Amino acid sequence: MAQEWIKACSVDDVDEEDVIRFDFGGATYAIYRSDKDAFFATDGLCTHERVHLADGLVMRDIIECPKHNGRFNYQTGRAKGSPACIDLRTYATRVVDGDVYIALES
């Protein structure tokens with residue numbers, strides 16, 4: 001499968017240590033900006049009860065689900081706190097001319 005780079009947002013749309021929601025092709029993604037000004041992307045729904053992670057709290061490299069406080073490392077996708085036990089899928093990102101792109105399989 002080939003990768004397709006999709007524009008998700010402007011770098012200015014995501015505050016430092018924050019997350020926003022991005023919907024594309026019937027799927028929801030979460031776009032994160034780290035405290036080191038790096039961008040990351042994961043599936044946008046918690047693997048526990050499919051709640052939007054963009055409504056959650058970002059703390060360093062952790063996203064905490066707003067419903068049951070399940071935690072994930074948004075850089076690796078690893079589930080880090082109960083009740084979340086299934087990892088998130090992650091996506092490559094790149095910044096071009098002030099815009100954040102994520103790589104999706106086509």
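Given the structure is predicted, the values throughout are model-derived calculations rather than measurements. Position 1 is the first residue of the sequence; numbering continues from there.
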Determine whether [X] and [Y] fall in the same hydrophobic cluster, where Ile, Leu, Val, Met, Phe, Trp and Tyr are linked whenever their side-chain heavy atoms lie under 4.5 Å apart.
X      : Y     : answer
Leu57  : Ile62 : yes
Ile63  : Tyr91 : no
Phe72  : Val19 : yes
Val100 : Val96 : no
Val14  : Phe24 : yes

**Message:** Tell me every residue that passes side chain to side chain donor-acceptor pair (under 3.5 Å) with Asp23, counting only those two or more places apart in sequence or in another chain.
**Reply:** Arg21, Thr28
For the atom pair [atom1] ([X]) and [atom2] ([Y]), what is the distance rounded to the nearest 0.5 Å?
X     : Y     : atom1 : atom2 : value
Gln75 : Leu88 : CD    : CG    : 13.0 Å
Asp35 : Asp18 : CG    : CG    : 12.5 Å
Ser82 : His68 : OG    : NE2   : 10.5 Å
Arg33 : Glu17 : CZ    : CD    : 11.5 Å
Ser10 : Asp97 : OG    : CG    : 11.0 Å

Check [X] against [Y] and note the closest heavy-atom contact, atom names and distance.
X      : Y      : answer
Ala8   : Ile102 : CB-CG2, 4.4 Å
Tyr101 : Lys7   : CD2-N, 3.4 Å
Ala84  : Ala79  : O-CB, 3.6 Å

**Message:** Please evaluate residues Val11 and Val95 with respect to the criterion side-chain contact (heavy atoms from CB on, under 4.5 Å), reporting the C-alpha separation (whole Å), side-chain torsions for both, the decisive distance (0.1 Å), and the verdict.
**Reply:** CA-CA 8 Å; Val11 296; Val95 175; 3.7 Å; yes
**Request:** State, yes or no, whether a side-chain contact exists between Thr47 and Asp87 at a heavy-atom distance under 4.5 Å.
**Result:**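 The answer is no; the side chains never approach within 4.5 Å.
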Any sub-3.5 Å donor-acceptor pair from [X]'s side-chain atoms to [Y]'s backbone N or O?
X     : Y     : result
Thr93 : Phe39 : yes
Asp43 : Tyr29 : no
Asn73 : Thr76 : yes

**Message:** side-chain contact (heavy atoms from CB on, under 4.5 Å) for Leu53 and Cys65? Distances and angles first, verdict last.
**Reply:** CA-CA 6 Å; Leu53 292 172; Cys65 178; 4.1 Å; yes
**Request:** Could you tell me which residues satisfy ring-ring contact (aromatic ring centres under 6.0 Å, His included) with Tyr32, sequence neighbours excluded, listed by chain and number?
**Result:**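 With neighbours one apart ignored, the set is Tyr74.
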**Qualifying residues under ring-ring contact (aromatic ring centres under 6.0 Å, His included), relative to His52, sequence neighbours excluded** = none
**Message:** Between Phe22 and Ile6, is the side-chain contact (heavy atoms from CB on, under 4.5 Å) condition met? List the steps.
**Reply:** CA-CA 11 Å; Phe22 171 63; Ile6 305 297; 3.8 Å; yes
**Message:** Would Ile31 and Asp13 count as a side-chain contact (heavy atoms from CB on, under 4.5 Å) here? Give the steps.
**Reply:** CA-CA 10 Å; Ile31 311 297; Asp13 293 338; over 6 Å; no
**Message:** Closer than 4.0 angstrom, basic N to acidic O: yes or no for Glu64 and Arg71?
**Reply:** yes
